[in-house]
Amino acid sequence: MISMRIFVYRHPAVWISLLLLLSPALGMPQYNKLFLELIMAVVLIIVMMKKPLWILCLAVLLVPLETDPEITSGFFTINKVATFAMIGMFYQIFKNHSFRKIPFKSLLPVLLFWLWPFASTIWAENPDYTLLKITHFFQGSSVLFLVILLLLKTKKDIWWVLGAYLGGTLFLAFRTVESFLQHPLERAVGYVGQNPAHIGFNMYLGLFTCLILASKVKPMHYKLLFYLAFFFQVFAGFTTQTRTFMLAISFALLIFIILKKQWVAFIVLLISIPIILHFLPTVFYERIQEGFSGADKGAGRLLIWQIGESIIRQNFIFGVGFDNFRAVFSHYFKSANVWYSREDMGAHNVYMMMLAELGFGGFLLFLYLFFYRLLLPLVKKIKTEIGLTHILLLTLMCFLIEFSFIDMLIERQTWVVVGLIFVLLNLDKQSKGMESET
């Protein structure tokens, strides 16, 4: 009895939480949502002091679902949860005096890449556009990236984060397939108003986690479970009728099978593709044929890229400023000698966007970060035992292919993967350093 009193006294959040849970039942049903949010806040505060990694996993779980209004309404928004994770991370750093362990050197290329858009406000066509986009980025993606980079200490931590992300992608896949079953002739979406082209991008990290685990685990029932989860997510991606997803996933799987000689996976792939295609409607094949024939001209992308080329020619050195492609788009109709009916269009190509908005210097920083500091080290590690390296490499390869058609550079999905790659490379450097010392 005494120990219980001491427990309640030392942990007042326990009885506060119980009081809040009971309050709606005491005649105040109109405040249910408020009480639930307060309860979640109290719980997150308790957990973040001891286990900030759990809070990070909750934030990562929400990343594939971040634009779903039913999932992220109320207290469960990524910004709020990620902020709790960041506070817990800094608490752990202060508590353990682990400032010296922060990998400042590895952060340098990222910081340079982040500072260049800030500098572009000086010469931007519309500085307000630039500042608004930078604010959006630093409120979301950068916080999540820094928490991942500074909080994850072991490869086991990375696996926990991947497991959390997989939970989000599986939920997204179920929602997408449900949409397909209800409206088989339309492009499937996770919820009304979602861009179908973003669904596959959201699922790459989760589906490749399933593929690698299926190749890694020994028990057959686990293999079958992970293969089933992998192909279910691939099928969900196909139902969106996104041609870039088909291209990226096919290329990544081919590279994986050839480099790792995963012939069992190759046979499974050959068997499953006809099965997946059998359930897709004829409009799926018509959309593929349009892409090869140029009937829809890539949803106007060819015309957009012509205008983008005109923007680059006239602003090659410094660009028009971060996120100013849309702002100047309509000004270049005449100089590009094309007509396009929609104004304020994005580049639909990250490489062109970097060159048009940040100029040649910003474009080089982008290439240096994503190809030299991220892609190349993973490629060098491809011969290692199958595992984390292959998940992150395949995901990054798909991202770089997707960047040719959609702009997802500053979104959380991208920077979760960038953070995980930096953590993995830093852990490998630490292990090599310990081996050399011994």
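This is a predicted model, so every value here is computed, not measured. Because only heavy atoms are used, hydrogens play no part in the values below, and waters and symmetry mates are left out as well, while side chains stay in.
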Taking all heavy atoms of [X] and all of [Y], pick out the closest pair and write down the distance.
| X | Y | result |
| --- | --- | --- |
| Ala236 | Val177 | CB-CG2, 3.8 Å |
| Arg187 | Ala197 | NH2-N, 4.1 Å |
| Ala214 | Phe226 | CB-CB, 3.6 Å |
| Val418 | Phe370 | CG2-CE2, 3.9 Å |
| Val161 | Val60 | O-CG1, 3.7 Å |
| Ala188 | Ser179 | CA-OG, 3.8 Å |

Check whether any side-chain heavy atom of [X] sits under 4.5 Å from a side-chain heavy atom of [Y], and report yes or no.
| X | Y | result |
| --- | --- | --- |
| Phe145 | Leu107 | yes |
| Leu425 | Lys381 | yes |
| Leu166 | Leu61 | no |
| Lys156 | Trp160 | yes |
| Trp123 | Asn315 | no |
| Ile421 | Leu424 | no |
| Leu149 | Asn426 | yes |
| Pro117 | Leu358 | yes |

Handout entry: Passing candidate, side chain to side chain contact (heavy atoms under 4.5 Å, CB included) with Gln233, options Thr209, Leu207, Leu211, Thr176
Key =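 Checked Thr209, Leu207, Leu211, Thr176 against Gln233; only one passes side chain to side chain contact (heavy atoms under 4.5 Å, CB included): Leu207.
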Problem - Residue from Leu152, Val417, Leu374 passing side chain to side chain contact (heavy atoms under 4.5 Å, CB included) with Phe422 - result: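 Exactly one pass, corresponding to Leu374.
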Handout entry: Intermediate values then yes/no, side chain to side chain contact (heavy atoms under 4.5 Å, CB included), Trp415 and Leu144
Key = CA-CA 7 Å; Trp415 288 93; Leu144 209 52; over 6 Å; no
Problem - Phe318 atom CZ, neighbour heavy-atom count above 12 within 6.0 Å - result: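 No.
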Practice task
Using a cut-off of 6.0 Å, state whether more than 12 heavy atoms not belonging to Trp159 lie near its atom CH2.
Solution key: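 Yes - once you tally the heavy atoms of other residues, nucleotides and ligands closer than 6.0 Å, there are more than 12.
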Practice task
Could you go through the side chain to side chain contact (heavy atoms under 4.5 Å, CB included) check for Phe208 and His390 one step at a time?
Solution key: CA-CA 8 Å; Phe208 285 128; His390 303 84; over 6 Å; no
Rounded to the nearest 0.5 Å, what separation is found between the [atom1] atom of [X] and the [atom2] atom of [Y]?
| X | Y | atom1 | atom2 | result |
| --- | --- | --- | --- | --- |
| Ile249 | Phe238 | CD1 | CZ | 7.5 Å |
| His198 | Ile406 | NE2 | CD1 | 5.0 Å |
| Leu396 | Glu402 | CG | CD | 12.5 Å |
| Thr389 | Ile382 | OG1 | CD1 | 7.5 Å |
| Leu213 | Tyr227 | CG | OH | 11.0 Å |
| Met203 | Tyr165 | CE | OH | 9.5 Å |

Practice task
Assert yes or no for the condition that the ring centre distance of Trp114 to Phe322 is strictly below 6.0 Å.
Solution key: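 No, ring centres 6.0 Å or more apart.
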Handout entry: Pair Phe245 + Phe201: ring centers closer than 6.0 Å
Key =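 Centroid distance Phe245-Phe201: not below 6.0 Å, so no.
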Exercise for the section: Show the numbers, then the answer: is there a ring-ring contact (aromatic ring centres under 6.0 Å, His included) between Phe113 and Tyr368? Expected result: CA-CA 9 Å; Phe113 182 66; Tyr368 175 75; over 10 Å; no
Problem - Residue from Phe235, Phe174, Phe232 passing ring-ring contact (aromatic ring centres under 6.0 Å, His included) with Phe180 - result: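 It is Phe235, the one option of Phe235, Phe174, Phe232 that forms the ring-ring contact (aromatic ring centres under 6.0 Å, His included) with Phe180.
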Would you say [X]'s side chain and [Y]'s backbone share a donor-acceptor pair under 3.5 angstrom?
| X | Y | value |
| --- | --- | --- |
| Thr414 | Ile410 | no |
| Lys216 | Ile386 | yes |
| Glu357 | Val320 | no |

Exercise for the section: Using the salt bridge (Lys or Arg N to Asp or Glu O under 4.0 Å) rule, take Lys133 and Asp128 through it: C-alpha gap first, then chi angles, then the decisive distance, then the call. Expected result: CA-CA 9 Å; Lys133 197 72 170 183; Asp128 291 337; over 6 Å; no
Practice task
Just do the side chain to side chain contact (heavy atoms under 4.5 Å, CB included) check on Met397 and Phe251 with the steps written out, would you?
Solution key: CA-CA 9 Å; Met397 287 168 57; Phe251 179 79; 3.5 Å; yes
Handout entry: Test side chain to side chain donor-acceptor pair (under 3.5 Å) applied to Thr169 and Asn202, step by step
Key = CA-CA 7 Å; Thr169 59; Asn202 292 351; over 6 Å; no
Practice task
Would you please test Met354 and Leu409 for side chain to side chain contact (heavy atoms under 4.5 Å, CB included) and show each step?
Solution key: CA-CA 10 Å; Met354 287 290 99; Leu409 178 61; 3.4 Å; yes
Handout entry: SB check Asp407 Arg326 (cutoff 4.0 Å)
Key =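 No, Asp407 and Arg326 are not salt-bridged.
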Handout entry: Side-chain donor-acceptor contact under 3.5 Å, Tyr204 with Gln413
Key =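 No.
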Problem - Thr244 and Thr242 side chains, donor-acceptor separation under 3.5 Å - result: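 No.
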Practice task
Output all residues satisfying side chain to side chain contact (heavy atoms under 4.5 Å, CB included) with Tyr351, sequence neighbours left out; order by chain, then residue number.
Solution key: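 Listed in chain order: Asn349, Phe363, Phe366, Phe371, Leu400, Phe403, Ser404.
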